[in-house]
Number of protein chains: 2
Amino acid sequence: MAKGTYNRRERPAKPALTREGIVATALDVMRAEGVERVTMRRLAQELDTGPASLYVYVRDTEELHAAVLDELLGHIPLTDTGGDWRTRLWTVLMSYQEVLYTNPSLARVALVTKLTGPNYLAVLDTVLALLTEGGMAPGQAAWAVDILLLMFTASAVEHGTQQQKGDGDKNHEALIQALDTVSPDRYPFIAELGPDLVSGPPEARARWTFDTLLNGAMTTPRPAVG
Amino acid sequence: MAKGTYNRRERPAKPALTREGIVATALDVMRAEGVERVTMRRLAQELDTGPASLYVYVRDTEELHAAVLDELLGHIPLTDTGGDWRTRLWTVLMSYQEVLYTNPSLARVALVTKLTGPNYLAVLDTVLALLTEGGMAPGQAAWAVDILLLMFTASAVEHGTQQQKGDGDKNHEALIQALDTVSPDRYPFIAELGPDLVSGPPEARARWTFDTLLNGAMTTPRPAVG
DNA sequence: ACCTGAACACCGTTCAAGT
DNA sequence: ACCTGAACACCGTTCAAGT
C-alpha cells in the first residue's frame, strides 16, 4: 500500500467505482458470502469507500440485486439446446429456475421487482419464440409466458435451497408433521391425503406443472379483450 | 400511571405478555403502520418490555409474521358462498388472494415459509374438497392445490398494492417503457407484442389463469408415482 | 459532477443476570 | 420458568460538506 511505484496495470485490487465495478463486486461477494451479504455497506467496504458513494451509480439495494440477477441470467443457454419446441421450452425454464433455485433471495427479487435487464428480456423473448413455434397465437403467448415464468419463479422461492443452516428442512419437517397429525374432523381431505400432499419427486412435480400450464394455456382461450 | 388504585378490569392498556397478546398487538401495529413495522423491537415497545422478552413466546420474526397471516386468513368465508364447485373455488381463491393482495409483505411470508396455521389448513382443505367435488382424483387434487395456491400467492406478491409510496407504479412504468422501446433485432417477439404483454384487465387475467390451471390439471395425468 | 464522513433511524438475536 | 438490560453485529438512506 506504499504510495508511488505501484504499477496500475498489474491486477488492480479494487474494481473502479463505476456501475459495472459495483455490480462485479456484488457478484463476487454473493458467490463468496451469499446474497444477504450484498449490502450497500458491505460493498462499500469492499470498494474502500463509504456506502453513500454507491448511490451515485445505483438507485437502491433492490436495483442492485436486480442487476446481479440479470448478470446471472446471462449465462443460461437459450439457443441450440436440442429437441422440439416443447423440450427446448422445458430446458429454458429449468435453466432459469436453476439460477433462482440456488439463490432464493434473488428469486424473491424476481417476483417483487419488474425485471427489465437485457438478459431477462432475452429469456422472455425466447419463451415467446418457442410458444409461437408451438402454434400458440401471439396474444395467448403473451399471457402464457407470464404464468410460466411466474410459476417457476415462485416455485424457486418456495423450494430454493436455503443454503443458510438447515432452516428449510426444519420448516419442511414441521409441515409434514402438521399434515400427518391433522384432525380428521376439521380437515378431512388433508387427513385423507396426509403426506401425499407434499410427496413426489420434485422433478416429476415440476414436469407435471409444466405440462399442466402448457396444456391449459393451449386449450383455454383468452376472453375477448377490449 | 400512578401506582395503586388503578382498576385492572378497566380496559388494560397493554395486552398480556403471552403468545396471543403478542399476535394481537402485531395485528394492531400491522393495521396501523404496515407489516414492515411489525418488528420485535416495535412490538416490545408497544408491550412495554424489551425485545428479548418476546423470544419466550415466538421463535423468530418469520414465525410471528406467519401467525399474523394465519389470523388474517381466519376471516375469509369458506362455506355457503354460492354457485357450483368451480364458482366456489374461484371465490375462495379470490378471497385468499385479496388478503395477500392488500399486504404483499405477508404474501412473501406465505411463499417462503411453509404455513401450518389452522386457518391456512382450512383453506387447503376447502380447496381439496372443491376439487374433489369437481371430480378430480385425490392424488391429482393433491398436486393441483399446490399450483393453484402457489400461483395466486405469487401473483399477490407481484401485483400486490405496494402501499408504500408510488414505488410499484414507477417500477411498472419502467417495465412498460422498456417493453415499448426494446430493440426489434434483439427481441423480435417482445417488440412485436409490445405493451400487449402487460395489458389486460387484472381480473380477466386472473380468471384466465384460474381456468388455465384448472383445465390443465383436469386433463394432464400425473406420471406414475413410485 | 463526483465523492464522502457522519449521522439518523432503525433492525434481529443472544446472553448473563436477575426474579 | 420467566423476564430483561445491555450488548453484538449489523442494516438503508440522506445530507451537508468537501474536491
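Chain letters run A, B, ... following the sequence lines, proteins first and then strands; every chain starts at 1.
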Would you mind listing every side chain to side chain donor-acceptor pair (under 3.5 Å) that reaches into residues 120-129 of chain A, with sequence neighbours excluded? none
Rounded to whole angstrom units, what separation is found between the CD atom of A:E36 and the P atom of D:dC10? 13 Å
Let me check something: any side-chain donor-acceptor pairs from residues 175-183 of chain B under 3.5 Å, sequence neighbours excluded? List them with distances.
residue	atom	partner	partner atom	Å
B:T181	OG1	B:Q177	O	3.0
B:S183	OG	B:D185	N	3.2
B:S183	OG	B:R186	N	3.1

Please enumerate all residues that pass side chain to side chain donor-acceptor pair (under 3.5 Å) together with B:R207, with sequence neighbours excluded. B:D211
By side chain to side chain donor-acceptor pair (under 3.5 Å), which residues pair with A:R41, not counting sequence neighbours? none
Roughly, in whole Å, what's the span from CG in A:L64 to P in D:dG12? 9 Å
How close or far is atom C1' of C:dA9 from atom CD of B:Q45, stated in whole angstroms? 12 Å
Taking side chain to side chain donor-acceptor pair (under 3.5 Å) as the definition, give me every residue that meets it alongside A:D146, ordered by chain and number, with sequence neighbours left out. none
Just compare D:dT4, C:dT13, D:dC11 and give me whichever is closest to any side-chain atom of B:D60. C:dT13
Just need the stems in DNA chain C: three or more back-to-back Watson-Crick or G-U pairs, each with both distances under 3.5 angstrom, sorted by first number. C:4-8 with D:12-16, C:12-16 with D:4-8
Write out a two-atom table: protein N or O, nucleotide N or O from nucleotides 14-19 of chain C, distance below 3.5 Å.
none

Please state how far atom CG in B:L54 lies from atom P in C:dT13, giving the value in whole angstrom units. 11 Å
Rounded interatomic separation in angstrom, taking CZ from A:R42 and C1' from D:dT13: 19 Å
Classify the nucleic acid contact of B:T61 as base, sugar-phosphate or nothing, counting any heavy atom under 4.0 Å across all strands shown. sugar-phosphate
In whole angstrom, give me the gap between the C1' atoms of C:dC10 and D:dA9. 14 Å
Rounded to whole Å, how long is the line connecting atom CG of A:L17 with atom P of C:dA1? 18 Å
Proximity to the side chain of B:M40 - top-ranked nucleotide from C:dT4, D:dG12, C:dG12: C:dG12
Counterpart residues, side chain to side chain donor-acceptor pair (under 3.5 Å), relative to B:R205 (two or more places apart): none
When the distance from CG of A:L43 to P of D:dC11 is rounded to whole Å, what number comes out? 10 Å
So does B:R19 pair up with B:E63, basic N to acidic O under 4.0 Å? yes
Within a strict 4.5 Å, meaning less than it, do heavy atoms of the A:D70 and A:L115 side chains meet? no
Here the distance between atom P of C:dC2 and atom CZ of A:R19, to the nearest Å, is 14 Å
Only pairs at least two apart or in different chains count here, so list each side chain to side chain donor-acceptor pair (under 3.5 Å) that has a residue in residues 89-100 of chain B. B:Y96-B:T153, B:Q97-B:S155
Between A:R41 and B:T49, who's closer to the 5' end of DNA chain D by nearest nucleotide? B:T49
